[in-house]
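Written out below as structure tokens is the structure these notes cover.
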Amino acid sequence: MFLLTMTVLNNSEVQLFLLIGIPELEYTHIWISTPICLMFLVAIIGNCTILVIIKAEPSLHEPMYYFLAMLAVSDLGLSLSSFPTMLRVFLFNAMRISPSACFAQEFFIHGFTVMESSVLLIMSLDRFLAIHNPLRYNSILTSNRVAKMGLILAFRSILLVLPFPFTLRGLKYCQKNLLSHSYCLHQDTMKLACSDNKIDVVYGFFVALCTMLDLALIFLSYVLILRTVLSIGSLEERLKALNTCVSHICAVLIFYVPIITLSAMHRFAKHKSPLIMILIADVFLLVPPLMNPIVYCVKTQQIREKVLAKWLNICGS
């Protein structure tokens, strides 16, 4: 079936890539599309709600909430980058995608992934400063500096993934055009090439190392946070300080566990299960945008109160 749908250019180079849903479970795609759509809608509504609340409430115009807004933007970007092709595959069984569209999609997916990793890193620094030096916290993290940090994070994300579409476009794709997911990933696309892809492999590994460096620095931040907390005399104050980090720790685990697992399986697993790969990849893109707003609404009192008040006002009117 896939050979019939393959379009060949100049007798050797494929013109279209084929996305994939869940192999051997194609008959369930219409049912799987329902929870995917619900997850997407909840993620969009949740992250947009956080952005609206932070913008509308002057009491939330603080560094912690500015960084939370950046996280919400990253989550929105991840959802909007991946959902269209996932919906096409699962709802309409439309698997074809042009190379240009595929390269553009992987640019946005990886760009927002790097941005979310960067935001999680800067949020860990925010928590360290708030616990280690609370008296100077507001003077160190001024609104001006937070805005500059946001611009630097966006620039870093774009700069790191900008070579991806160009290096992929420079490769030749002969005969093989079946991707492993319902959206395009760099490490997945470059494996279809029949020309030398060493540059893509090396640079992709470099970008993955940058993400792992973010995780290492987050871990270091929490080592310093733990050391600071242990120096606090009162047990109640220790628990209060650690409680301010719970939401961020959850966000870090939700984001990094699937991405590390997926990257490791792509690069090192010799006998990997396609079903497991697909499920982990879908979790990587669907769950963080869905769960982050829920976690922060549940664990952050100021956000929770403002969201409840806003929804009560809407329901009351």
Please assess Asn177 against Gln15 for the test side-chain contact (heavy atoms from CB on, under 4.5 Å), listing each intermediate value before the final yes or no.
CA-CA 9 Å; Asn177 68 341; Gln15 190 177 4; over 6 Å; no
Stepwise ring pair (Phe, Tyr, Trp, His ring centres under 6.0 Å) check, Tyr222 with Phe219:
CA-CA 5 Å; Tyr222 272 98; Phe219 179 77; 8.9 Å; no
Residues Ile260, Leu215; criterion side-chain contact (heavy atoms from CB on, under 4.5 Å); working and verdict
CA-CA 10 Å; Ile260 290 172; Leu215 180 59; 3.4 Å; yes
Chi angles and distances behind the side-chain contact (heavy atoms from CB on, under 4.5 Å) call for Ser124, His248:
CA-CA 7 Å; Ser124 69; His248 181 257; 3.5 Å; yes
side-chain contact (heavy atoms from CB on, under 4.5 Å) assessment of Phe112 paired with Ser81
CA-CA 9 Å; Phe112 283 111; Ser81 299; 3.7 Å; yes
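The six-membered or imidazole ring of Phe103 lies away from that of Phe166, with a centre-to-centre distance of 6.0 Å or more. Between Phe40 and Phe83, the distance from one ring center to the other falls under 6.0 angstrom.
Cys184 is listed as a side-chain neighbour of Ile97, based on a closest heavy-atom distance under 4.5 Å. Side chains of Val161 and Phe164 form a contact here, defined as non-hydrogen atoms less than 4.5 Å apart.
In this structure, Leu279 places its CG atom where more than 12 heavy-atom neighbours from other residues, nucleotides or ligands lie under 6.0 Å away. Applying the 6.0 Å contact sphere to CZ of Phe108 captures no more than 12 heavy atoms from other residues, nucleotides or ligands.
Applying the side chain to side chain donor-acceptor pair (under 3.5 Å) test to residues at least two apart or on different chains, the pairs with a partner in residues 51-69 are Tyr65-Gln302. The stretch residues 134-146 participates, sequence neighbours left out, in these side chain to side chain donor-acceptor pair (under 3.5 Å) pairs: Asp126-Tyr137.
Using a cutoff of 4.0 Å between basic side-chain nitrogens and carboxylate oxygens, Asp196 and Lys172 are not scored as salt-bridged.
Using a 3.5 Å distance cut-off with no hydrogens or angles, the side chains of Arg156 and Ser118 do pair a donor with an acceptor.
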